[in-house]
Amino acid sequence: MIFEPENEAQEIAQNIRTIVAVKRGTVPYYRNFGVSVSALDMPIVAAARYLQSEMVAAIQAFEPRASMSQITAEIDLISGILTEEVTTK
């Protein structure tokens, strides 16, 4: 992980990683920062769609310089693991 980005693109990518990794409500004095984890009890396909919309909203709110082209979900139904990937322009 880069803590001192060398350019704006790296800084934006680092900020996006931080935004989507933080559970909403856990940052003191900044309770709206991050992504809601309300999807934990949803069926995995519904959770994927919910998290995608949450991620888009959070990234637009907290990193307006980001220009997203897509967010893709990879679902492993056997293990129950959901992986989301954000692609920027």
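Numbering starts at 1 and runs along the sequence shown.
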(request) Please name the pair of heavy atoms, one in A48 and one in A73, separated by the smallest distance, quoted to 0.1 Å. (result) CB-CB, 4.0 Å
(request) Can you see which heavy atom on G25 is nearest to which on R31, and at what distance? (result) O-NH1, 2.6 Å
If I take atom [atom1] from residue [X] and atom [atom2] from residue [Y], how far apart are they, to the nearest 0.5 angstrom?
X	Y	atom1	atom2	value
F33	T26	CZ	OG1	9.0 Å
T83	L51	OG1	CG	11.0 Å
I59	R65	CD1	CZ	13.0 Å

(message) Atom CG of residue position D41 - does it have more than 12 heavy atoms of other residues, nucleotides or ligands inside 6.0 Å?
(response) no
(message) For Q70, is the CD atom crowded, meaning more than 12 foreign heavy atoms sit under 6.0 Å from it?
(response)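 Yes, the 6.0 Å shell around CD holds more than 12 heavy atoms from other groups.
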(message) With a 3.5 Å distance limit and no angle check, can you tell me whether T87 reaches the backbone of S69 through a side-chain donor-acceptor pair?
(response) no
(message) Checking the side chain of E54 only, and the main-chain atoms of V35 only, is there a donor and an acceptor separated by less than 3.5 Å?
(response)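 Checked: no pair found.
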Would [X] and [Y] show up in the same hydrophobic cluster when neighbours are defined by side-chain heavy atoms closer than 4.5 Å?
X	Y	value
V45	I71	yes
V37	Y50	no
V56	I16	yes

(request) Applying side chain to side chain contact (heavy atoms under 4.5 Å, CB included), run through E84 and L82 and close with a yes or a no. (result) CA-CA 7 Å; E84 300 274 359; L82 168 63; 4.0 Å; yes
(request) Would you sort out whether M68 and M55 count as a side chain to side chain contact (heavy atoms under 4.5 Å, CB included), showing the intermediate values? (result) CA-CA 11 Å; M68 295 171 284; M55 291 167 66; over 6 Å; no
